[in-house]
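Take a look at the structure below.
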Amino acid sequence: MVWSHVGLNCADQKTTEEFYTRYFGFARARVVDLGDSRIVFLRKGDAYLELFAAGTEPDGPAPGVPSSAVGGDGPQAPGRMRHLAFQTGSVDAFLAELGDAAEVTLGPLDFDDFICGWRTVWVRDPDGVIVEVSQGYEDDSSHDKDGV
């Protein structure tokens, strides 16, 4: 089994495609023409995003979940994607390039108590998806492969 892709519903596929190609280095890999709509595949290395046309109103919290339960790092209700995540060499350089193209929803936060140099910011993409961008994260090699 290998990783395939994440499907994103987009209010405006062109705007979403430009966001991920400009700020995250994705490139168009394929467009599937469905007649009255299309699916756009973006690729960066082995990672794919599949962009679908959707309604213009962003989803609120899952049914029965108050809007206050949606944190700056994304929805926290079961069955909802919390956020996409990417690694960068510098959160500050990423934010400088991003400018006002996206809302910062949380951070930047430093997690030096856990890993020296680990720093993270969360931003909102054009469709409201929370995107985490971190620098300095490293796995803890002291943990065995069984997850114990």
Side-chain angles (χ1 to χ4, degrees), residues 1-140:
M1 187 71 64
V2 297
W3 175 257
S4 180
H5 65 269
V6 172
L8 299 175
N9 293 317
C10 309
D12 181 332
Q13 284 174 298
K14 183 177 190 229
T15 299
T16 302
E17 180 177 1
E18 289 172 357
F19 181 78
Y20 284 101
T21 56
R22 180 172 181 187
Y23 299 109
F24 293 90
F26 281 84
R28 183 181 280 191
R30 176 179 298 273
V31 175
V32 177
D33 186 355
L34 303 174
D36 61 343
S37 67
R38 63 186 184 152
I39 302 170
V40 177
F41 286 87
L42 303 179
R43 179 180 184 173
K44 180 173 182 176
D46 291 335
Y48 284 89
L49 297 177
E50 185 179 17
L51 309 182
F52 294 89
T56 58
E57 292 301 315
D59 251 357
V65 176
S67 60
S68 61
V70 179
D73 69 342
Q76 299 179 16
R80 304 271 315 236
M81 180 179 71
R82 189 166 181 137
H83 57 252
L84 297 177
F86 296 90
Q87 291 287 318
T88 186
S90 169
V91 166
D92 290 331
F94 168 78
L95 288 172
E97 181 183 352
L98 187 66
D100 62 358
E103 169 195 3
V104 172
T105 62
L106 183 62
L109 300 177
D110 294 315
F111 297 107
D112 287 322
D113 289 348
F114 305 102
I115 300 171
C116 184
W118 185 12
R119 191 156 193 255
T120 304
V121 67
W122 290 263
V123 300
R124 188 179 319 275
D125 85 358
D127 298 297
V129 173
I130 302 299
V131 181
E132 173 186 336
V133 178
S134 293
Q135 71 184 46
Y137 172 83
E138 297 175 1
D139 286 345
D140 182 351

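Heads up: numbering here begins at 1 and tracks the sequence. Quantities reported herein were computed from a predicted structural model and do not represent experimental measurements.
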Minimal non-hydrogen separation, Gly107 against Val121, with atom names: C-CG2, 4.0 Å

Flag side-chain contact, heavy atom, 4.5 Å: Phe24 against Val133: yes

Minimum heavy-atom distance between Val123 and Ala102, given as atom pair plus value: CB-CB, 4.2 Å

Close side-chain approach of Arg119 to Asp92, heavy-atom, < 4.5 Å: yes

Approximate separation, where rounding is to 0.5 Å, of Asn9 CG and Phe52 CZ: 7.0 Å

Rounded distance (nearest 0.5 Å) linking atom CD of Glu18 with atom CG of Asp12: 8.0 Å

Ring geometry between Phe111 and Phe114 (parallel below 30°, tilted from 30 to 60°, perpendicular above 60°): tilted

Where Asp127 and Ala11 come nearest, the two heavy atoms and their spacing: OD1-N, 2.6 Å

Distance (rounded to the nearest 0.5 Å) between Asp125 CG and His83 NE2: 13.0 Å

Distance, nearest 0.5 Å, that separates CZ of Arg124 from CG of Leu106: 11.0 Å

Minimum-distance pair of heavy atoms, taken over all atoms of Leu51 and Cys10: CB-SG, 3.8 Å

Nearest heavy atoms of Ser134 and Trp118, plus distance in Å: OG-NE1, 3.9 Å

Close side-chain approach of Val131 to Tyr20, heavy-atom, < 4.5 Å: yes

Pairs of donor and acceptor atoms involving the side chains of residues 26-34, under 3.5 Å and at least two apart or interchain, shall be tabulated with distances.
from: Arg28; atom 1: NE; to: Glu17; atom 2: OE2; distance (Å): 2.9
from: Arg28; atom 1: NH2; to: Glu17; atom 2: OE1; distance (Å): 2.7
from: Arg28; atom 1: NH2; to: Glu17; atom 2: OE2; distance (Å): 3.3
from: Asp33; atom 1: OD1; to: Gly35; atom 2: N; distance (Å): 2.8

Residue pairs passing the side chain to side chain donor-acceptor pair (under 3.5 Å) test where at least one lies in residues 37-52, sequence neighbours excluded: His5-Glu50, Arg43-Tyr48

Residues in side-chain contact (heavy atoms from CB on, under 4.5 Å) contact with Val6, at least two apart in sequence or another chain: Trp3, Leu8, Leu49, Met81, Leu84

Nearest heavy-atom neighbours spanning Tyr23 and Ala101: OH-CB, 3.3 Å

Gap between atom CD of Glu138 and atom CD1 of Ile115 - 0.5 Å precision: 6.0 Å

